[in-house]
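These notes concern the structure reproduced below.
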Amino acid sequence: DISEDDVSVDDELDEINIAEKNVGLSSSISNDELLEDEEINYETVTMDNIGDYFYNNGSLIGDDNLEFVGDFSQTDDFNMFIIDKSIKLNLESAFFTNIGFNLMAPNLEIKDTSFDITAHYYNSSAILINADNITVDNIQVSCETPYDGDFVFINVINSNNFKLSNMFI
């Protein structure tokens, strides 16, 4: 058995050290590995309850992890979800029509979803990146650009360590 005195947590090193006295073994487990095994709790967002999680301008109200379920489209008030907190987003069960994301907090992921965008504005984007360590992965895109104007689907404004993979247009 391992007693309380044999376990130490070093927050600066982001690891937990466990030593078993009888055998003389020691091992380390990173906090990231421990978090992978934790179940993530999500609040479910639909078009019907969107006002519970986003203000009229598209800004995030709380700091809950969000699971988007169903079809989402531009509202009368906003055409971008503004994510300004480092939360988990589950978009696997969502489809976005003429509505995008403005990612303003580090360590966010947009993955496993689809977008259908008809761009009506010049110099507009569907996904704005303005934070570090952002990942966009495995998204399907259908996009109609404005006549005689520019449209950038993903606009990386200010970001270090931006990752883009598996984008299908």
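This chain uses plain numbering: 1 for the first residue, then up along the sequence.
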Between [X] and [Y], what is the shortest heavy-atom contact and its length?
X	Y	value
Ile134	Ala105	CD1-O, 3.3 Å
Met47	Ser73	CE-O, 3.6 Å
Leu108	Ile83	CD1-CG2, 3.6 Å
Phe162	Ile154	CZ-CG2, 3.9 Å

Ring geometry between Phe78 and Phe54 (parallel below 30°, tilted from 30 to 60°, perpendicular above 60°): tilted
Nearest 0.5 Å, what's the [atom1]-[atom2] distance between [X] and [Y]?
X	Y	atom1	atom2	result
Lys85	Leu66	NZ	CG	10.0 Å
Tyr42	Asp64	OH	CG	12.0 Å
Leu60	Asp84	CG	CG	6.0 Å
Glu67	Glu92	CD	CD	8.0 Å

Hphob cluster co-occupancy, [X] + [Y], side-chain heavy atoms under 4.5 angstrom:
X	Y	value
Ile117	Leu164	yes
Ile87	Leu91	yes
Val69	Phe72	no

Side-chain touch Asp137/Asn166, heavy atoms, less than 4.5 angstrom: yes
Asp71 side chain reached by Phe95 side chain, heavy atoms, under 4.5 Å: yes
Do side-chain atoms of [X] reach the backbone of [Y] as a donor and acceptor pair under 3.5 angstrom?
X	Y	value
Ser159	Ile129	no
Asn79	Gln74	no
Asn49	Thr44	yes
Ser125	Val152	yes
Asn98	Thr118	yes
Ser86	Pro106	yes

Derivation and outcome, side chain to side chain contact (heavy atoms under 4.5 Å, CB included), residues Asn90 and Phe68: CA-CA 6 Å; Asn90 182 336; Phe68 288 74; over 6 Å; no
Matching residue for Phe153 among Phe115, Phe101, Phe96 - test: ring pair (Phe, Tyr, Trp, His ring centres under 6.0 Å): Phe115
Phe81 and Ile50: CA distance, side-chain angles, deciding distance, side chain to side chain contact (heavy atoms under 4.5 Å, CB included) verdict: CA-CA 10 Å; Phe81 293 104; Ile50 201 168; 3.4 Å; yes
Residues Asn133, Asn161; criterion side-chain hydrogen bond (donor to acceptor under 3.5 Å, both in side chains); working and verdict: CA-CA 5 Å; Asn133 304 314; Asn161 301 318; 3.0 Å; yes
Qualifying residue for side-chain contact (heavy atoms from CB on, under 4.5 Å) with Met80, from Leu128, Ile99, Ile127, Leu103: Leu128
Steps toward side-chain hydrogen bond (donor to acceptor under 3.5 Å, both in side chains) verdict (Asp77, Thr75): CA-CA 5 Å; Asp77 298 316; Thr75 71; 4.9 Å; no
Test side chain to side chain contact (heavy atoms under 4.5 Å, CB included) applied to Lys111 and Thr135, step by step: CA-CA 8 Å; Lys111 66 180 192 174; Thr135 299; 5.9 Å; no
